[in-house]
**Student:** 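Dropping a structure here in structure tokens format, bear with me for questions.
Excluded from the calculations below are hydrogen atoms, water molecules and symmetry mates; all remaining heavy atoms, backbone and side chain alike, are included. Along the sequence shown, residues carry numbers from 1.
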Amino acid sequence: MKKLLPFLFLSFFAFTLNAQDKTVPQKEVEQTIVKFFDALSAFDFDKMRYYTKDIEFIEYGEVWNLDVLIGRVKPMVSTGVKRTNTLKFTKTVIKGNTAWVIYYNTADFEESGKVDKVKWLESVVMVKEEGRWKMTLLHSTLLKGKK
């Protein structure tokens, strides 16, 4: 029993650390990402720029800037496609004016009553500038077969 007590204590301590609420700065970082994807879904390209700083996207084995992403999205503007994102954050780390975040992104694309679901595992690097967080790098991995 004496050998079991330290193990139980350490297990409880580790579980308690993982169960803690996120800090206000972590929530601010995550909300910036959520708002960026809300702007993407609304085809609000000015707002997308507001939440980014010289951003580069690693998408499908290519490096894109924001203008390339907007160019890929613009054809959907008048098609009636509706995109809804669900982000599940798994790790948010802040060191000074830099943050990095790992999350799962599920996008539901609805058009003419048909819904297509696409999932990615993504990471974002952010910088804090003039009191607000901006995305500067987004790396996206398509999760095939995870519909």
**Student:** Drop me the distance from N105's CG to K119's NZ, to the nearest 0.5 angstrom.
**Tutor:** 11.0 Å
**Student:** Any salt bridge (charged side-chain N to carboxylate O under 4.0 Å, His left out) involving residues 87-103? Give me the pairs, sequence neighbours left out, ordered by first then second residue.
**Tutor:** none
**Student:** Give me the ring orientation class for F109 and W120: parallel if the planes are under 30° apart, tilted from 30 to 60°, perpendicular past 60°.
**Tutor:** perpendicular
**Student:** Find out whether F89 and Q26 are in side-chain contact, i.e. whether some heavy atom of one side chain is under 4.5 Å from a heavy atom of the other.
**Tutor:** no
**Student:** Are the side chains of T52 and K134 in contact, using a 4.5 Å heavy-atom criterion?
**Tutor:** no
**Student:** Determine, step by step, whether K74 and F45 satisfy the side chain to side chain contact (heavy atoms under 4.5 Å, CB included) criterion, reporting the C-alpha distance in whole Å, the side-chain angles of both residues, the deciding distance to 0.1 Å, and the verdict.
**Tutor:** CA-CA 9 Å; K74 264 188 180 178; F45 305 125; 3.7 Å; yes
**Student:** Output yes when a side-chain donor or acceptor of S41 lies under 3.5 Å from a complementary backbone atom of R83, and no otherwise.
**Tutor:** yes
**Student:** Could you check whether any side-chain heavy atom of E30 comes within less than 4.5 Å of a side-chain heavy atom of Y103, counting everything from C-beta outward?
**Tutor:** no
**Student:** Do E62 and V68 have side chains that approach each other closer than 4.5 Å (heavy atoms only, starting at C-beta)?
**Tutor:** no
**Student:** Determine whether L69 and V34 fall in the same hydrophobic cluster, where Ile, Leu, Val, Met, Phe, Trp and Tyr are linked whenever their side-chain heavy atoms lie under 4.5 Å apart.
**Tutor:** yes
**Student:** Give a yes or no on this: more than 12 heavy atoms of other residues, nucleotides or ligands lie within 6.0 Å of atom NZ of K128.
**Tutor:** yes
**Student:** Using modelled atom types only, decide if a donor and an acceptor are shared between the side chain of T136 and the backbone of K53 within a distance under 3.5 Å.
**Tutor:** yes
**Student:** For the CE atom of M48 and the CZ atom of F37, what is their distance to the nearest 0.5 Å?
**Tutor:** 8.5 Å
**Student:** Flag yes if L142 and L137 sit in one hydrophobic cluster, no otherwise; membership is Ile, Leu, Val, Met, Phe, Trp, Tyr, and two members link when side-chain heavy atoms are under 4.5 Å apart.
**Tutor:** no
**Student:** What about I102 and V127, same hydrophobic cluster or not, with Ile/Leu/Val/Met/Phe/Trp/Tyr joined at side-chain heavy-atom distances under 4.5 Å?
**Tutor:** no
**Student:** Are side-chain heavy atoms of V124 and W133 found at a separation under 4.5 Å?
**Tutor:** no
**Student:** Do you know which two heavy atoms are closest between K117 and D108, and how far apart they sit?
**Tutor:** NZ-OD1, 3.1 Å
**Student:** Out of N85, L87, D38, which residue meets the side chain to side chain contact (heavy atoms under 4.5 Å, CB included) rule with I33?
**Tutor:** L87
**Student:** To the nearest 0.5 Å, how far apart are NZ in K27 and NZ in K22?
**Tutor:** 9.5 Å
**Student:** Any carboxylate oxygen within less than 4.0 angstrom of a Lys/Arg side-chain nitrogen, looking at R49 and D44?
**Tutor:** no
**Student:** Side chains of L66 and F57: does their closest heavy-atom pair fall under 4.5 Å?
**Tutor:** yes
**Student:** List the atom of A99, the atom of V29, and the distance in Å for their closest heavy-atom pair.
**Tutor:** CB-CG2, 3.9 Å
**Student:** Say you draw a straight line from CD1 of I55 to CE of M126; how long is it, rounded to the nearest 0.5 Å?
**Tutor:** 8.5 Å
**Student:** Show the nearest heavy-atom pair for residues T79 and V81, with the distance to one decimal.
**Tutor:** OG1-CG2, 3.1 Å
**Student:** Do E59 and L138 have side-chain heavy atoms sitting under 4.5 Å apart?
**Tutor:** yes
**Student:** To the nearest 0.5 Å, how far apart are OG1 in T23 and CD in E28?
**Tutor:** 8.5 Å
**Student:** When clusters are formed by joining ILVMFWY residues with side-chain heavy atoms under 4.5 Å apart, either directly or through shared neighbours, do Y60 and V63 land in the same one?
**Tutor:** no
**Student:** Same cluster for V93 and L121 if Ile/Leu/Val/Met/Phe/Trp/Tyr side chains link at under 4.5 Å?
**Tutor:** no
**Student:** Rounded to the nearest 0.5 Å, how far does CZ of R132 lie from OH of Y51?
**Tutor:** 8.0 Å
